[in-house]
Novice: 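First, the structure itself, so that you have it in front of you.
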Amino acid sequence: MNPVDLPPRAATATDLAALRRRHPRAFAPAGMWTPTGAAVLVVILAVTAVAIWRLDISVARLGTGLVQIVGILGAMFPPTPGTHLAVFLHALAETLAIALLGTLGGALLAAPLGFLAAKNMIPNVFAHFAVRRGLDTIRGVDVLIWALIFINVVGLGPFAGILAIAMSDTGSLAKLFSEAIENADRKPVDGVVSTGASPVLAVRYGLLPQVLPVMASQVLYYFESNTRSATIIGIVGAGGIGLHLAEQIRVLEWGKVAFLVLMILVTVAAIDAVSSRLRFAIIGRSAMVID
């Protein structure tokens with residue numbers, strides 16, 4: 001009897017059985033329900049249990065901590081600068097200056113390194129590998145660690161914070177710049193070369209117009225991010241509003257802590273709004289994906 005002669009349900013079952021025989025992988029158990037997936041799940045659960053035991057994670061301590069957090073939040077209202085408004089505003093301006101100068105310094109250092117790290121710029125495999133691994137090393141050290149290093153090199157203050165952000169951004173921005181250069185269209189460069197121009201002019205007129213808007217957008221994003229980073233590194237003595245935030249937390253002046261946090265949040269929100277508009281203006285709305 002042909003499947004056509006069978007009732008609809010029987011024909012469907014027959015077709016499904018045929019599909020299972022033809023494409024067994026498509027009907028195989030998905031993901032975690034396979035033996036391998038189940039074994040991986042068991043390992044993850046075992047590692048989680050051991051970590052909870054070894055790290056002394058206690059639900060009772062968490063409950064006590066939550067009660068303390070509620071008390072701290074209550075003490076934060078109303079937020080008040082006390083008699084330190086001028087000092088706090090000066091520290092906020094210092095934080096913005098640290099973020100701006102650090103970002104610019106990192107971008108200036110990252111620009112030539114980005115070209116050296118791009119495969120289509122440096123054909124030598126060994127040179128390209130050395131530059132990439134060097135950038136990985138710089139990028140692998142957190143900005144807070146760089147701040148601690150430069151505090152010991154140049155002393156406490158904003159200069160150490162600027163150097164820390166510049167060093168941290170050098171590795172990250174150079175990687176992003178190199179990726180933008182590698183993804184650039186080769187045709188404009190070939191067109192400039194076909195006119196008899198030198199390689200330098202080919203880069204200047206064929207490559208830079210494509211990658212400069214992307215680079216500028218990335219630098220703007222990092223400036224926004226570095227505003228928060230400058231607050232954190234200020235806690236360890238690299239200047240800015242983070243130093244005052246750490247001091248107020250240490251003396252339990254929670255109203256002033258709340259005021260400082262609000263200052264940081266408003267500043268970051270303002271920078272985010274301005275940098276978003278600038279990014280739209282630089283690379284165009286059509287080049288950005290908007291949810």
Side-chain angles (χ1 to χ4, degrees), residues 55-58 61-106 138-172 221-275:
L55 297 178
D56 193 22
I57 297 176
S58 171
R61 290 169 57 191
L62 179 61
T64 304
L66 290 176
V67 173
Q68 293 180 349
I69 289 176
V70 171
I72 291 173
L73 291 176
M76 283 184 172
F77 291 96
T80 175
T83 59
H84 299 85
L85 179 59
V87 176
F88 291 166
L89 290 175
H90 179 270
L92 180 62
E94 191 174 82
T95 297
L96 292 175
I98 292 171
L100 177 62
L101 294 177
T103 305
L104 288 178
I138 296 174
R139 192 171 63 254
V141 180
D142 189 75
V143 65
L144 189 60
I145 299 176
W146 283 119
L148 293 172
I149 292 173
F150 283 114
I151 284 173
N152 287 278
V153 174
V154 301
L156 297 171
F159 188 34
I162 293 171
L163 293 176
I165 290 177
M167 184 60 68
S168 177
D169 282 6
T170 297
S172 300
Y221 172 78
Y222 267 76
F223 170 58
E224 171 197 334
S225 176
N226 287 335
T227 305
R228 297 186 292 270
S229 298
T231 302
I232 300 301
I233 63 177
I235 294 177
V236 298
I241 201 170
L243 179 61
H244 296 278
L245 184 61
E247 289 178 354
Q248 299 305 321
I249 292 175
R250 192 176 300 114
V251 297
L252 305 181
E253 290 285 349
W254 298 115
K256 294 178 182 178
V257 170
F259 186 82
L260 289 170
V261 171
L262 287 176
M263 289 179 63
I264 296 169
L265 291 177
V266 170
T267 302
V268 170
I271 293 175
D272 179 42
V274 173
S275 64

Novice: What are the two closest heavy atoms between His244 and Ala91, and how far apart are they?
Specialist: CD2-CB, 3.4 Å
Novice: Counting C-beta onward and ignoring hydrogens, is there a side-chain heavy-atom pair between Pro79 and Phe77 closer than 4.5 Å?
Specialist: yes
Novice: Which atoms form the tightest heavy-atom contact between Phe223 and Leu96, and what is the distance?
Specialist: CE1-O, 4.0 Å
Novice: So does Ala164 get a backbone contact from the side chain of Ser168, meaning a donor-acceptor N/O pair under 3.5 Å?
Specialist: no
Novice: Check the pair Ile249 / Ile235 against side-chain contact (heavy atoms from CB on, under 4.5 Å), numbers first and verdict last.
Specialist: CA-CA 11 Å; Ile249 292 175; Ile235 294 177; over 6 Å; no
Novice: What distance separates Trp254 CH2 from Thr80 OG1, expressed to the nearest 0.5 Å?
Specialist: 15.5 Å
Novice: Just verifying a value: how many Å separate Tyr221 OH and Ile271 CD1, rounded to the nearest 0.5 Å?
Specialist: 13.0 Å
Novice: With rounding to the nearest 0.5 angstrom, report the CZ to CG distance, Arg228 to Leu265.
Specialist: 10.0 Å
Novice: Rounded to the nearest 0.5 Å, how far does CD1 of Ile162 lie from CG of Leu101?
Specialist: 4.5 Å
Novice: With respect to Ile232, which candidate in Leu245, Asp142, Val143, Leu144 satisfies the side chain to side chain contact (heavy atoms under 4.5 Å, CB included) definition?
Specialist: Leu144
Novice: What heavy-atom pair brings Ile151 and Val236 nearest, and what distance separates the two atoms?
Specialist: CD1-O, 3.2 Å
Novice: At what distance, to the nearest 0.5 angstrom, does CG of Leu100 lie from CG of Leu104?
Specialist: 4.5 Å
Novice: side-chain contact (heavy atoms from CB on, under 4.5 Å), that's the test. Do Phe150 and Met167 meet it? Break it down for me.
Specialist: CA-CA 10 Å; Phe150 283 114; Met167 184 60 68; 4.1 Å; yes
Novice: Can you find a pair of side-chain heavy atoms, one from Met263 and one from Leu89, that are under 4.5 Å apart?
Specialist: yes
Novice: Tyr222 vs Ser172, test: side-chain contact (heavy atoms from CB on, under 4.5 Å). Steps then yes/no.
Specialist: CA-CA 9 Å; Tyr222 267 76; Ser172 300; 3.3 Å; yes
Novice: Using only atom types and a distance under 3.5 Å, with no angle test, would you say the side chain of Thr95 pairs donor to acceptor with the backbone of Ile241?
Specialist: yes
Novice: How close do Gly105 and Ala166 get, counting heavy atoms only, and between which atoms?
Specialist: C-CB, 4.2 Å
Novice: Which heavy atom in Ser275 sits nearest to a heavy atom in Glu224, and how many Å separate them?
Specialist: OG-OE1, 3.4 Å
Novice: Determine, stepwise, if the pair Ile98 / Phe159 fulfils side-chain contact (heavy atoms from CB on, under 4.5 Å).
Specialist: CA-CA 8 Å; Ile98 292 171; Phe159 188 34; over 6 Å; no
Novice: So which atom in Gly82 and which in Lys256 form the shortest heavy-atom distance, rounded to 0.1 Å?
Specialist: CA-CE, 4.2 Å
Novice: Which one of Leu260, Leu243, Val261 satisfies the side chain to side chain contact (heavy atoms under 4.5 Å, CB included) criterion with Gln248?
Specialist: Leu260
Novice: What I'd like to find out is whether the side chain of Trp146 reaches to under 4.5 Å of the side chain of Ile233, using heavy atoms alone.
Specialist: no
